[in-house]
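Because the structure is predicted, anything quoted here is derived from the model rather than measured.
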Amino acid sequence: MDSLNSLLDGFGTALTPLNLLWAAVGVLLGTAIGVLPGIGPAMAVALLLPVTYGLDPTGAFIMFAGIYYGGMFGGSTTSILLNTPGETAAVVAAIEGHPMARSGRGAQALAAAAIGHFAGGMIGTILLVVLAPTVASLAVDIGAPDYFAIMVLAFIAVTSVLGRSRVRGFAALLVGLTIGLIGLDQMTGQQRLTFGSLHLADGIDVVIVAVGLFAIGEALWVAAHLRRTSGRPIPVGRPWLGRAELRRTWKSWLRGPAIGFPFGAIPAGGAEIPTFLSYVTEKRLSKHPEEFGKGAIEGVAGPESAASASAAGTLVSMLTLGLPTTAVAAVMLAAFQQYGIQPGPLLFEREPELVWGLIASLFVGMVLLLVLNLPLAPVWAKLLRIPRPYLYAGILFFAAVGAYAVGGEALDLILLLAIGLVGLGMRRFGLPVLPAIIGVILGPAAEQQLRRALQLSDGSVSGLLNTPFSVTVYTVIAVILAWPWLRRLAAAVRGRSSSASPDGPVGAAESAASEPPAEAAVRAGTEQEPDGSGAEPRR
């Protein structure tokens with residue numbers, strides 16, 4: 001009840017005309033900036049940080065929250081329409097969203113993403129209000145072995161369900177892990193794969209890798225085939241979700257927050273892991289698994305809902321522990337310190353108006369995001385009516401601008417082209433792109449957590465299995481790896497049992513005799529074939 005009363009007071013703060021204006025400005029700016037490849041919500045918040053010097057803290061953080069959610073949806077827009085993720089959390093949306101757009105269902109994909117963001121954000125924010133103390137206490141108890149187990153689960157799950165074979169999936173993962181090794185060793189400071197270049201000592205930014213593999217690789221692949229096929233505009237399609245699509249997506253919208261919120265609340269990689277795992281879950285549970293990779297709408301709805309719920313989960317650790325779990329949370333933590341405010345357990349007591357006003361503004365921002373962007377889905381989808389030569393020329397331009405904006409170095413453009421050529425080669429030989437991206441994102445963090453866990457156990461491998469949580473995760477990994485063999489074994493056992501069962505008249509008589517008389521009569525009536533006169537079988 002105390003939390004509910006505080007939340008009502010927060011709505012009183014967030015619904016003032018001035019704060020509503022800041023929320024709307026944040027959502028619009030975040031969506032517009034998120035559409036640009038390479039400029040995600042973290043960079044948007046960082047760029048706008050100096051602008052907020054003259055604002056009061058409550059208004060500034062309300063605008064930052066709008067930028068956060070708007071940037072995530074803007075990144076999904078380009079990911080779906082142009083196969084160019086605006087940020088790493090939108091990478092998974094390209095897997096099913098872009099094939100939907102190419103088949104004339106871009107507006108439906110955008111609508112599924114918008115509603116997914118709304119549902120995930122609403123459920124995640126409700127969980128933030130209700131479960132913040134409990135989730136924060138659980139996050140404190142998770143150690144290095146648990147983090148490493150979670151990241152290994154992400155590696156195995158993604159490589160096991162994507163691509164034509166597991167070998168290609170693990171090869172793509174190896175490509176990503178190799179790119180992630182570039183730079184200085186985080187513990188020893190030694191250079192790895194830098195070739196003596198000081199610019200590579202900091203590593204290659206994830207945004208450059210994502211934009212290069214997706215946008216540049218896709219543009220080069222299309223350019224290589226335009227000589228043989230005409231570049232006709234892609235149809236937009238009807239701008240709404242039908243009943244069949246709603247039946248397929250509503251469960252995905254509700255499953256996403258169950259995966260996204262816990263992962264957002266613990267320092268395990270932000271929205272990347274839950275979006276990957278949500279995609280894997282939707283493929284496993286879908287009644288149409290054959291459509292995945294060709295434009296399954298569940299593959300857009302679930303991950304987008306998980307990403308939005310994860311954004312609410314990141315605020316749990318940031319507000320209650322002062323522990324940022326994403327780049328946006330880190331920038332917001334810097335903004336708190338700029339105003340002389342230190343997030344932590346005492347923040348709710350010392351700054352209740354700011355905290356509960358910020359949480360209430362998340363609900364307001366979700367409504368504004370849905371109201372503003374759902375009607376714009378057909379408008380965004382009309383980008384696909386541009387002829388492909390002009391469209392992909394624009395993609396190359398904005399991808400180059402986004403990559404240059406990351407570090408302001410000309411070498412970033414050369415790296416972007418080199419990684420784009422790698423993406424072209426991966427498409428040529430059938431390697432999935434997603435395992436490479438997750439290898440780049442989570443590879444360095446997984447290495448760091450592995451070395452920490454081994455240091456704590458004096459180099460003993462048993463230190464990786466010294467918690468119930470890590471044992472549970474590794475059990476899930478073993479099931480995922482063994483599942484194809486288990487399924488084959490079960491099919492073989494069923495085949496032997498069916499071939500061994502009697503199917504002649506004697507066997508039928510024996511099975512009928514073993515049934516109760518009433519059930520045998522009903523079964524005989526229902527299995528009777530219609531006669532030549534066309535009469536219905538008697539039941």
Side-chain angles (χ1 to χ4, degrees), residues 2-35 39-74 114 117-118 120-122 124-126 128-129 132 308 311-312 314-316 318-320 324 326 328-343 346-376:
D2 293 338
S3 298
L4 182 59
N5 293 331
S6 300
L7 182 61
L8 293 177
D9 294 336
F11 273 110
T13 302
L15 293 178
T16 59
L18 187 59
N19 287 334
L20 275 176
L21 175 64
W22 295 131
V25 170
V27 168
L28 288 175
L29 285 177
T31 304
I33 295 176
V35 166
I39 305 180
M43 186 174 294
V45 174
L47 290 174
L48 294 174
L49 188 58
V51 181
T52 60
Y53 284 156
L55 298 180
D56 66 286
T58 304
F61 287 108
I62 286 175
M63 187 172 72
F64 286 157
I67 292 171
Y68 193 1
Y69 284 112
M72 293 184 69
F73 180 77
H117 274 289
F118 176 78
M122 283 292 182
T125 308
I126 292 172
L128 168 64
V129 175
S308 189
T314 58
L315 295 178
V316 174
M318 201 268 286
L319 294 176
T320 60
T326 63
V328 177
V331 176
M332 293 182 70
L333 180 61
F336 271 106
Q337 295 173 349
Q338 165 190 306
Y339 287 102
I341 302 171
Q342 181 59 48
L346 299 178
L347 181 64
F348 284 79
E349 298 178 8
R350 295 176 177 174
E351 300 287 345
E353 182 180 355
L354 186 150
V355 173
W356 290 107
L358 173 63
I359 294 174
S361 71
L362 299 179
F363 291 100
V364 177
M366 285 292 99
V367 175
L368 290 175
L369 185 67
L370 187 67
V371 171
L372 292 175
N373 286 297
L374 195 58
L376 290 177

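In this structure, L21 CG and M63 CE are separated by 10.0 Å, a value rounded to the nearest 0.5 Å.
A pairwise comparison of heavy atoms in I359 and T125 identifies O-CG2, 3.8 Å as the closest pair. Across A14 and S361, no two heavy atoms sit closer than the pair CB-N, 3.9 Å. Nearest approach of H117 to S308, heavy atoms of both residues: O-OG, 2.8 Å. Across every non-hydrogen atom of F61 and L358, the tightest pair is O-CD1, 3.3 Å. Heavy-atom minimum distance, G365 versus V27: O-CG2, 4.0 Å. The two residues A360 and F11 have their closest heavy-atom pair at CB-N, 3.5 Å.
The side-chain contact (heavy atoms from CB on, under 4.5 Å) check on V367 picks up F118, M122, V371, with sequence neighbours excluded.
For N19 (side chain) and T13 (main-chain N/O), a donor-acceptor pair under 3.5 Å exists by modelled atom type.
Side-chain contact between V364 and I62: absent, with no pair of heavy atoms (C-beta onward) separated by less than 4.5 Å.
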